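These numbers come from a predicted model, not from an experiment.
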Amino acid sequence: MTQTPKYVYYFGPEGTEGNASMVNLLGGKGANLAEMAGHPDLRLPVPAGFTITTEVCTYFMQHGGQYPPSLKEQVEEALRKVEKAMGMKFGDPENPLLVSCRSGARRSMPGMMETVLNVGLCSKTIPGLIKKTNNPRFVYDAYRRLIMMYSDVVMEKAEGIEPPEGMGIRVQLERMMEELKHKKGYEKDTDLTAEDLQQLCEAFKAKVKEVLGKPFPDDPFEQLWGGIAAVFKSWNGKRAVAYRRIEGIPDDWGTACNVQSMVFGNMGDTSATGVAFTRNPATGENQFYGEWLPNAQGEDVVAGIRTPNPLNKATKTEQNKHLPSLEEAMPEIYQQLLDIRNRLERHYKDMQDIEFTIQEGKLYMLQCRVGKRTGTAALNIAMDMLKEGLIDEETAVLRVAPKQLDELLHPIVDPNAEKKATTIASGLPAGPGGACGQIVFTSEDAVEWTKKGKKVILVREETNPEDVEGMRAAVGILTARGGMTSHAALVARGWGKCCIVGAGKIKVDPVKKSMTVNGKTYKEGDWITLNGTRGFVYEGQLPLIDATENPRLKEFMALVEKYRKLGVRTNADTPADAKIAREFGAEGIGLFRTEHMFYGEGSDEPLFILRKMILSRTAEERRKALDELFPFMKRDIKGTLEAMNGLPVTIRLLDPPLHEFVPQDEEKQAELAKAMGISVEDVKRRGEELHETNPMMGHRGVRLGITYPEITETQVRAIFEATAELIKEGKDPRPEIMVPVTCDVKELDITKQIVDRVHAEVEKKFGVKIEYLYGTMIEIPRACLLADKMARTAQFFSFGTNDLTQMGFGFSRDDIGGFLPDYLEKRILMADPFQTIDQEGIGQLIEMAVRKGRATRSDLKIGICGEQGGDPDSVEFCFKVGMNYVSCSPYRVPIARLAAAQASIKASRKN
Ligand code: ADP
Ligand code: MG
Ligand code: MG
């Protein structure tokens with residue numbers, strides 16, 4: 001016989017059944033309520049209750065709103081225990097117990113699901129409660145709250161009713177309450193008298209009947225089961241679903257439902273409710289931080305209807321300093337709370353976010369969970385707790401989320417100023433940090449104004465490669481269109497530049513040089529401020545604070561280094577970027593793109609020569625152009641090898657399809673025609689001949705060198721000569737030659753013949769010995785399948801996960817905007833595979849290639865150079881499959897270092 005599964009877990013003085021480790025089953029709230037109530041080190045005053053497990057929620061969803069057969073019994077049994085503990089009875093006319101039905105999933109989803117308080121109040125229990133408390137005002141205040149919450153959550157939302165804006169039942173009831181306050185000349189909710197509230201409740205019930213067509217339930221058990229069902233249904237409420245999309249929380253987890261005895265913060269002046277953090281969640285300072293409200297119920301603090309009072313002296317601000325703190329108003333209770341705070345920290349060894357309520361001078365704990373915090377706070381709390389001996393080094397390293405490092409590496413908008421500022425628009429947080437500048441609408445203006453010493457923010461409908469100069473010049477970038485992988489976003493992240501993309505509310509008029517948001521027009525030269533970490537746009541100038549040079553951060557990164565095993569390199573194309581990356585701790589360059597010299601500043605001359613080469617008809621013409629190009633290549637490569645002295649530099653041979661460089665405008669075409677001694681028509685025709693239908697899968701990468709070996713030869717010679725010259729100057733250059741877009745070892749063999757020949761020639765010419773590695777990018781699925789063969793010639797692999805994802809999925813990266821949002825929305829994919837490696841699919845290709853490659857060559861060096869190399873989850877994956885290093889843009893190097901250290905720590909803890 002199978003045992004009936006346990007669906008209900010009691011917590012309270014009658015023998016708590018759950019604990020903090022049971023988060024998956026009981027949800028975070030339920031597990032921690034059990035821990036606070038039951039753990040011998042804590043045994044805190046938690047009102048008794050029980051948790052209905054997340055499994056019931058899943059069952060409920062799968063069975064069209066039915067519960068498992070034994071649930072009712074189990075709930076009744078747990079309820080009897082609660083009644084015993086509290087000395088009250090649910091639904092009893094003399095001594096009624098009231099409860100709350102509270103949602104709580106595995107991961108906290110603050111405010112995204114529903115909770116109903118004061119369940120059990122009805123015409124049968126109201127008189128008894130009034131008699132018992134001798135406080136009719138309190139009873140009718142509790143009742144009006146129940147009607148408001150219940151009609152909203154259970155009768156409207158859970159029934160799937162979607163009233164038009166401003167017509168929701170809750171809003172309508174709130175309006176009625178406001179009208180009454182207005183009529184009576186009251187300011188605060190607490191001014192309402194018992195009679196006012198009693199009348200209001202009657203009016204509320206009539207309104208509920210009128211609007212929702214059903215009477216407000218007057219039976220305690222009907223209310224209870226209505227509340228439980230509404231909590232489960234709120235798992236699929238709109239807000240909750242949207243939040244799960246953003247946070248990547250699976251839909252099938254479900255929420256638990258906590259049924260808990262009510263305690264009342266609204267019983268008069270000796271009652272109160274509040275929320276606190278055991279340390280300051282914004283700065284991390286080791287001070288108790290919080291807010292409270294006298295004579296109120298919990299939801300008042302969170303919803304922000306009343307300005308809450310400060311908890312203590314340390315948390316007074318300009319807005320609330322005139323209000324009494326709990327420390328002053330109820331010193332004894334404050335001491336108790338402070339003691340609980342200390343015990344909780346010692347027990348959980350982390351900063352906690354707590355909810356408490358004081359009922360007639362007695363303190364109750366209603367929630368605790370690990371508190372959310374800013375990057376700065378995460379860092380400070382980790383380092384403080386390490387010093388305090390509360391946590392060990394490994395734990396400290398795990399306490400800062402790699403993403404939070406962003407915040408610590410860029411200037412940020414002063415959080416205090418930000419609190420008071422008005423947001424005019426929001427978009428996707430594409431490039432972190434803060435920026436404040438004057439608006440310009442073209443790339444040229446951005447460059448011009450910057451030259452004059454102004455700080456500008458480039459505002460564009462969307463950006464394209466031509467804007468690169470302007471983007472470089474601007475302190476921040478704001479676009480109305482585009483996503484996180486849009487050009488603007490990638491470039492901005494690469495440069496560590498503050499950037500917001502896809503701020504759809506903004507209408508940009510580049511001709512009139514103005515933008516309009518919410519009916520207000522901003523002109524060129526107007527000031528705005530961006531918070532690229534959160535995606536908010538503010539009007540005017542907000543102060544920025546510098547977050548780098550932080551001694552705490554340096555200390556922390558030293559710890560990170562102690563535990564990191566995976567190498568971290570950078571993708572850098574210029575000596576300047578190489579230098580920044582080195583300062584951030586890069587151990588080499590994982591991707592140097594030779595084509596970089598044809599873009600951006602100083603590219604006019606080499607680009608012109610390249611174009612000549614591209615349009616050449618004969619090998620001779622081509623060779624001539626290549627000879628002209630040679631000094632530029634050598635200079636570029638040499639500069640970067642020098643900046644990375646002593647560290648490896650992976651130099652990728654020319655990769656993009658040549659057609660990308662063919663000039664489109666008449667003037668440039670004419671210039672070129674003149675220089676080549678051919679007609680403009682010829683230039684056009686030759687350009688058109690190069691046109692390809694599918695250039696990303698066309699004549700590019702190694703294929704160029706197969707057709708035109710002289711292109712490979714010139715590049716390789718530039719690499720070896722730059723190296724030889726540096727050796728002669730006493731330097732230690734470490735080039736690695738990387739062949740892109742390969743799918744067969746024969747491509748590598750043919751290219752290697754050229755490399756060997758040129759290598760010998762240059763060694764002879766300079767009379768030095770040149771060490772180097774020869775390897776390939778792995779970015780075509782076929783190369784993964786044949787990795788064992790590829791490794792016969794290649795000494796290293798570098799996974800080009802942008803192309804590998806593109807070709808593995810058959811998704812064109814430049815066109816995903818049209819469909820990827822739907823894939824994410826419909827949960828076909830959980831994340832954008834161009835941002836984080838698709839471990840399930842593309843990950844298999846990578847794992848196989850690693851395994852096969854190493855089977856041929858056990859010391860095969862393996863890394864990754866795609867965008868995903870700076871993504872923390874991808875870094876962990878790379879560590880797990882046994883790569884030697886990841887490579888990412890300079891500003892993401894510290895993030896990758898931290899992610900790598902965390903991957904090692906997590907792996908060693910598993911063993
Ligand atoms: P949320 O997840 O939105 O914070 P909660 O379930 O924590 O929802 O409840 C909302 C508010 O109601 C909180 O302030 C909480 O402290 C308060 N509350 C919940 N249950 C009770 C209870 N049994 N007695 C008193 N207050 C409660
Ligand atoms: Mg809560
Ligand atoms: Mg590629």
Side-chain angles (χ1 to χ4, degrees), residues 430 464-465 482-491 493-494 501 571 590-591 593 595-596 650 652-660 691-704 738-744 747 776-787 790 797-824 828-850 862-871 873-875 877-878 881 883 886-889 892:
N464 56 44
M484 292 291 280
T485 54
S486 68
H487 182 72
L490 288 190
V491 172
R493 268 203 295 283
V501 298
N571 298 348
L591 177 64
R593 306 174 186 87
E595 59 271 19
H596 172 81
T650 308
R652 180 175 72 183
L653 301 182
L654 203 58
D655 179 58
L658 295 181
H659 184 254
E660 245 183 44
H691 175 82
E692 291 175 320
T693 312
N694 231 328
M696 291 318 281
M697 293 203 253
H699 204 174
R700 59 176 292 211
V702 68
R703 298 159 207 165
L704 291 171
M738 178 158 79
V739 187
V741 223
T742 52
C743 64
D744 196 287
E747 294 169 319
T776 184
M777 263 177 91
I778 300 285
E779 52 187 336
I780 293 181
R782 189 175 194 269
C784 295
L785 297 165
L786 299 177
M790 303 294 278
F797 285 173
S798 176
F799 285 94
T801 41
N802 296 341
D803 271 309
L804 192 58
T805 301
Q806 177 155 262
M807 295 194 244
F809 270 92
F811 287 176
S812 155
R813 175 154 85 139
D814 298 312
D815 303 310
I816 50 170
F819 56 88
L820 192 66
D822 294 329
Y823 271 65
L824 297 174
I828 299 168
L829 292 174
M830 292 295 281
D832 178 350
F834 292 97
Q835 283 188 48
T836 186
I837 290 177
D838 159 50
Q839 299 187 17
E840 194 190 359
I842 303 301
Q844 285 194 45
L845 287 173
I846 296 174
E847 268 184 276
M848 177 182 48
V850 169
I862 302 177
I864 175 180
C865 61
E867 260 296 306
Q868 298 95 332
D871 164 69
D873 290 337
S874 305
V875 171
F877 172 78
C878 292
V881 300
M883 288 195 197
V886 294
S887 187
C888 57
S889 54
R892 287 170 97 178

Inset, instruction - Look up atom CD1 in I778 and atom CE in M848, then write down how far apart they are to the nearest 0.5 Å. - result: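 Interatomic distance, I778 CD1 to M848 CE, rounded to 0.5 Å: 10.0 Å.
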Inset, instruction - Any chance you could measure C878, atom SG, to I837, atom CD1, to the nearest 0.5 Å? - result: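 Result: 4.5 Å between the selected atoms.
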Indicate yes or no for a side-chain donor-acceptor contact from [X] to the backbone of [Y] under 3.5 Å, with no hydrogens or angles considered.
| X | Y | answer |
| --- | --- | --- |
| E692 | H699 | yes |
| E595 | L654 | no |
| R782 | C743 | yes |
| N694 | M697 | no |
| Q868 | P833 | yes |

Validation row: [X], [Y] side chains within 4.5 angstrom (heavy atoms):
| X | Y | result |
| --- | --- | --- |
| M830 | E840 | no |
| M696 | S812 | no |
| C865 | M777 | yes |

Indicate the atoms forming the closest heavy-atom contact of [X] with [Y], along with that distance.
| X | Y | result |
| --- | --- | --- |
| D655 | P740 | OD1-CB, 3.4 Å |
| I842 | L804 | CD1-O, 3.8 Å |
| F799 | C784 | CE2-SG, 4.5 Å |

Inset, instruction - Answer yes when E747 and R703 have at least one side-chain N-carboxylate O distance shorter than 4.0 Å, and no when they do not. - result: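 No salt bridge links E747 with R703.
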Inset, instruction - Mind checking ring pair (Phe, Tyr, Trp, His ring centres under 6.0 Å) for Y823 and listing every partner two or more places apart, or none if nothing turns up? - result: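 Result, ring pair (Phe, Tyr, Trp, His ring centres under 6.0 Å) vs Y823: F811, F819.
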